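In this chain, residues are counted from 1 in sequence order. Since this is a predicted model, take the numbers as computed values, not measurements.
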Amino acid sequence: MHTSYISESHQQTIVPLLIKDFLETPFPFHSLEAYEPTCSTIVDILDQCSSIKMKLLYNLWSYDNRNIHWSNRSLEIKNHDSTVLKQATLDDLPLIVEWTQGFFQDIEDNSTRRLTMDIDHLSTTEITKGHVYILYYEGIPVSMSRKRRSLKDGCSLSFVYTPKHLRQKGYGAVCVAMCTDLFLKKYKYVTLFVMGHVNPIKNMYTGVGYQLVGKVGRYQTVELLNK
């Protein structure tokens, strides 16, 4: 189940109606993703009115960007003669698979979620669609990101990853900024999610102009987690 933002003034009326209709529908329910406080309200109502028990997988911070902010360090890297942002090709598949595995490992290290998916297939599909970008600095691939969820007016940035030995050098911020800048030439806004353990006010993404929208919860049924 996915729900969008609902104002607090409507929490006590809309959410119970949603859950009532949902419980009366023979629909398999395994997971929930929603903005707070809607998410916690749904979990509480399910706990009180049904046998469905939910467990938090992790929280996320939601952001959007409509204008890039360039720090002096980011501009220095961006304007370096060797800096290039390239769309990945299938020749890059081994690298993208390795970095995608690293990305998911970072998620698992900071949540209760255990991810199982065909990373080779995922990476091949995303590369073929032209959604994967690699930042090169001095001829070396240093960071990646991907375009996801394209809509009429906006898209999302995801799978941002820099290998551990290349972190704290500004490459991730430049990759995010250059990709966002590229996407904003076509879209009005770019969104992304950041893991909940990250400082929501001061982080790499706010440093390039992303604005905090809200907190998101991702839950899964205890029944499914115990299988």
Hey, could you give me the [atom1]/[atom2] distance between [X] and [Y], rounded to the nearest 0.5 Å?
{"X": "Lys78", "Y": "Cys175", "atom1": "NZ", "atom2": "SG", "answer": "13.5 Å"}
{"X": "Ser145", "Y": "Leu157", "atom1": "OG", "atom2": "CG", "answer": "4.5 Å"}
{"X": "Trp61", "Y": "Leu192", "atom1": "CH2", "atom2": "CG", "answer": "14.0 Å"}
{"X": "Phe183", "Y": "Ile68", "atom1": "CZ", "atom2": "CD1", "answer": "10.5 Å"}
{"X": "Leu32", "Y": "Gln220", "atom1": "CG", "atom2": "CD", "answer": "11.0 Å"}
{"X": "Asp153", "Y": "Tyr187", "atom1": "CG", "atom2": "OH", "answer": "10.0 Å"}

CA sep, side-chain torsions, deciding dist, call: Leu93, Ser123, side chain to side chain contact (heavy atoms under 4.5 Å, CB included):
CA-CA 7 Å; Leu93 182 60; Ser123 300; 3.8 Å; yes

Test item: side-chain donor near acceptor, [X] and [Y], under 3.5 Å:
{"X": "Thr180", "Y": "Tyr210", "answer": "yes"}
{"X": "Arg218", "Y": "Tyr58", "answer": "yes"}
{"X": "Thr100", "Y": "Arg146", "answer": "yes"}
{"X": "Thr128", "Y": "Thr125", "answer": "no"}
{"X": "Tyr63", "Y": "Asn203", "answer": "yes"}

How close do [X] and [Y] get, counting heavy atoms only, and between which atoms?
{"X": "Arg73", "Y": "Lys169", "answer": "NH2-O, 3.1 Å"}
{"X": "Leu90", "Y": "Ile127", "answer": "N-CG2, 3.6 Å"}
{"X": "Ser62", "Y": "Val216", "answer": "CB-CG2, 4.1 Å"}
{"X": "Cys179", "Y": "Tyr133", "answer": "SG-CB, 3.7 Å"}
{"X": "Val176", "Y": "Met204", "answer": "CG2-CE, 4.0 Å"}

Would [X] and [Y] show up in the same hydrophobic cluster when neighbours are defined by side-chain heavy atoms closer than 4.5 Å?
{"X": "Leu135", "Y": "Trp99", "result": "no"}
{"X": "Ile140", "Y": "Leu85", "result": "yes"}
{"X": "Tyr189", "Y": "Leu182", "result": "no"}
{"X": "Val160", "Y": "Val190", "result": "yes"}
{"X": "Val208", "Y": "Leu75", "result": "yes"}

Steps toward salt bridge (charged side-chain N to carboxylate O under 4.0 Å, His left out) verdict (Lys86, Asp91):
CA-CA 12 Å; Lys86 294 182 179 180; Asp91 290 338; over 6 Å; no

4.5 Å side-chain heavy-atom contact, [X] and [Y]:
{"X": "Tyr136", "Y": "Ser82", "result": "no"}
{"X": "Pro141", "Y": "Leu95", "result": "yes"}
{"X": "Tyr35", "Y": "Lys215", "result": "no"}
{"X": "Thr221", "Y": "Ile52", "result": "yes"}
{"X": "Cys39", "Y": "Tyr219", "result": "yes"}
{"X": "Gln211", "Y": "Asn67", "result": "no"}
{"X": "Met195", "Y": "Leu60", "result": "yes"}
{"X": "Leu122", "Y": "Phe159", "result": "yes"}

I'd like to know whether Leu212 forms a side chain to side chain contact (heavy atoms under 4.5 Å, CB included) with Thr206, so could you lay out the CA-CA distance, the side-chain angles of the two residues, the decisive distance to 0.1 Å, and finally the verdict.
CA-CA 8 Å; Leu212 181 64; Thr206 59; 5.9 Å; no

Can you tell me if [X] uses its side chain to pair, donor with acceptor, with the backbone of [Y] under 3.5 Å?
{"X": "Asn79", "Y": "Glu76", "value": "no"}
{"X": "Glu36", "Y": "Ser40", "value": "yes"}
{"X": "Thr38", "Y": "Ala34", "value": "no"}
{"X": "Arg167", "Y": "Gly172", "value": "no"}

Could you list the residues that satisfy side chain to side chain donor-acceptor pair (under 3.5 Å) with His69, not counting sequence neighbours?
none

CA sep, side-chain torsions, deciding dist, call: Lys147, Glu126, salt bridge (charged side-chain N to carboxylate O under 4.0 Å, His left out):
CA-CA 9 Å; Lys147 182 174 75 171; Glu126 294 293 295; over 6 Å; no

Test side chain to side chain contact (heavy atoms under 4.5 Å, CB included) applied to Val43 and Lys55, step by step
CA-CA 9 Å; Val43 171; Lys55 183 175 181 179; over 6 Å; no

Lys53 bridged to Asp44 by N-O distance under 4.0 Å:
no

Just wondering, are more than 12 heavy atoms of other shown residues or ligands nearer than 6.0 Å to CD in Gln168?
no

Partner of Ser143 under side chain to side chain contact (heavy atoms under 4.5 Å, CB included), picked from Val174, Leu166, Thr162, Ile134, is Thr162

